[in-house]
Protein chains: 2
Amino acid sequence: MAARLDEMDRKILAELQDDAAQSLDEIARKVGSSKTPVWNRIKRMKEDGVITRQTVLLHAEALGLEACFFVLIRTSEHEADWQAKFLRALQERPEVLEAHRLAGDIDYILKVRVKNARAYDIFYQALISEVRIFNVTALLSMEEIKSTTVLPV
Amino acid sequence: MAARLDEMDRKILAELQDDAAQSLDEIARKVGSSKTPVWNRIKRMKEDGVITRQTVLLHAEALGLEACFFVLIRTSEHEADWQAKFLRALQERPEVLEAHRLAGDIDYILKVRVKNARAYDIFYQALISEVRIFNVTALLSMEEIKSTTVLPV
DNA sequence: CTCAATATAGAACATTATCCCGTATTTCCG
DNA sequence: CGGAAATACGGGATAATGTTCTATATTGAG
């Protein structure tokens with residue numbers, strides 16, 4: 001997975017991140033190459049797992065998902081089967097967009113997108129009834145200042 | 001921005017979120033329609049801002065970005081020009097993938113992707129030298145349990 | 001029920017992705 | 001250095017796809 005990327009690869013990735021709908025000819029022109037090498041490089045980077053997927057990003061508010069919470073979780077349980085159960089619960093719930101296991105006294109952080117505070121509470125009640133959790137703090141986002149999937153290349 | 005979406009629109013969005021590279025014919029077949037209406041609906045949803053962009057997702061580790069931090073920020077300053085400056089600083093830094101203004105005693109949360117802890121420290125030092133911040137807590141991600149851009153439709 | 005407005009399917013055309021091939025460039029080893 | 005092997009390149013051929021058009025079907029309002 002330690003893919004070696006040269007300058008050309010990185011330029012191509014920058015273009016694809018910016019707009020994956022543009023044509024190969026256009027990308028080739030912008031990065032100063034031609035269609036075939038660009039196509040081969042993209043193919044290789046997909047195979048190597050550098051490019052994981054091609055998708056569209058949607059406007060959450062337009063879909064009626066107007067609330068975003070960051071959830072800080074402490075747990076007293078650290079056994080393998082508890083963790084597996086917790087993990088499965090998160091994977092199953094589409095409102096959980098991100099979940100990280102952390103170092104330090106907070107064990108997990110979640111990013112949760114829901115319709116409103118009521119929907120968050122329903123999610124929260126369902127989660128704690130399914131897996132034992134010691135302590136939860138929810139941070140409510142008032143404003144999404146920045147949100148990007150673009151990684152610096 | 002309160003776009004009204006019917007079942008067909010939602011099916012199309014689900015398909016596009018799953019794989020934006022598939023052809024119109026394929027999407028049309030899956031959602032039980034044909035090319036033209038699917039194309040028209042996608043066009044409309046782009047115009048309406050429901051679909052904001054088409055992009056590729058990259059594997060951060062493969063790019064050498066192996067560390068992810070969530071940064072909890074408290075500030076004593078709440079004036080407009082401080083906020084504008086802070087906002088600009090975040091926008092300019094590509095390692096800041098997300099930034100939210102919060103309700104409650106923590107004012108902001110950031111998600112920051114960097115090469116390693118050293119790179120985070122450089123980012124952190126640069127940020128606090130640029131804007132006055134009262135209190136910072138960094139949460140280090142040990143493991144990305146879940147990460148998706150797919151919104152439930 | 002009737003008319004108007006909108007959505008649809010399929011065909012026609014334009015653009016693009018994909019693959020092939022001959023040439024140029026780089027790399028590696030003597 | 002020099003030369004051979006491997007790799008990368010540019011441009012063209014072809015298959016696939018996106019885009020637009022038109023005639024028909026469906027829906028909704030009065």
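Within every chain, numbering begins at 1; the chains are lettered A, B, ... in the order of the sequence lines, protein sequences first and strands thereafter. Being a predicted model, the structure only gives us computed values, none of them experimental.
- Considering CG of A:L127 and CD1 of A:I122, their distance stands at 13.5 Å, rounded to 0.5 Å.
- In summary, contact between chain B and DNA chain D, defined as any nucleotide atom under 4.0 Å from a heavy atom of the protein, begins and ends at D:dT17 to D:dC21 in the 5' to 3' direction.
- Comparing the local axis fitted to the first five base pairs of the helix from C:dC1-D:dG30 to C:dG30-D:dC1 with the one fitted to its last five gives a bend of 50°, rounded to 10°.
- Rounded to an integer number of Å, the gap from CG of B:D25 to C1' of C:dA17 is 15 Å.
- Comment: A:K43 engages A:E47 in a salt bridge, judged by a side-chain N to carboxylate O separation of less than 4.0 angstrom.
- Contacts of residues 28-47 of chain A with DNA chain C (heavy atom under 4.0 Å): A:K35, A:T36, A:W39.
- A salt bridge between A:E98 and A:K111 is absent, with no side-chain N of the basic residue lying under 4.0 Å from a carboxylate O of the acidic one.
- With sequence neighbours excluded, the residues satisfying side-chain contact (heavy atoms from CB on, under 4.5 Å) with A:E77 are A:T75, A:W82, A:R132.
- Membership of an apolar cluster is not assigned to A:F134, as no side-chain contact below 4.5 Å to another ILVMFWY residue is traced.
- The distance between atom CD of A:E7 and atom P of C:dT26, rounded to the nearest whole Å, is 16 Å.
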Full working for side-chain contact (heavy atoms from CB on, under 4.5 Å) between B:V31 and B:M8
CA-CA 7 Å; B:V31 303; B:M8 183 61 74; 3.6 Å; yes
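- Transitive grouping of hydrophobic side chains (ILVMFWY, heavy atoms separated by less than 4.5 Å) brings B:I106 and B:I109 into a common cluster.
- Taking atom CD1 of residue B:I12 and atom C1' of nucleotide C:dA7, one finds them 12 Å apart after rounding to whole Å.
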Show each protein N/O and nucleotides 22-24 of chain C N/O combination with a separation under 3.5 Å, one pair to a line.
none

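- Going from atom CG of B:L24 over to atom P of C:dT15 covers 17 Å, rounded to whole Å.
- Both B:M8 and A:Q22 sit near DNA chain C, but only B:M8 has its closest nucleotide nearer the 5' end.
- In this structure, B:R41 does not pair ionically with B:E15, as no charged nitrogen and carboxylate oxygen lie closer than 4.0 Å.
- One N or O on the side chain of B:Q91 and one on the backbone of A:I145 form a donor-acceptor pair closer than 3.5 Å.
- B:R53 places a side-chain N or O within donor-acceptor distance of the main-chain N or O of A:D18, the cut-off being under 3.5 Å.
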Please walk me through it: do B:L58 and A:I51 pass side-chain contact (heavy atoms from CB on, under 4.5 Å)?
CA-CA 5 Å; B:L58 307 184; A:I51 299 172; 3.8 Å; yes
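- Aromatic ring centres of B:F69 and B:Y124: separated by at least 6.0 Å.
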Would B:H100 and A:E144 count as a side-chain contact (heavy atoms from CB on, under 4.5 Å) here? Give the steps.
CA-CA 5 Å; B:H100 292 251; A:E144 197 170 271; 3.6 Å; yes
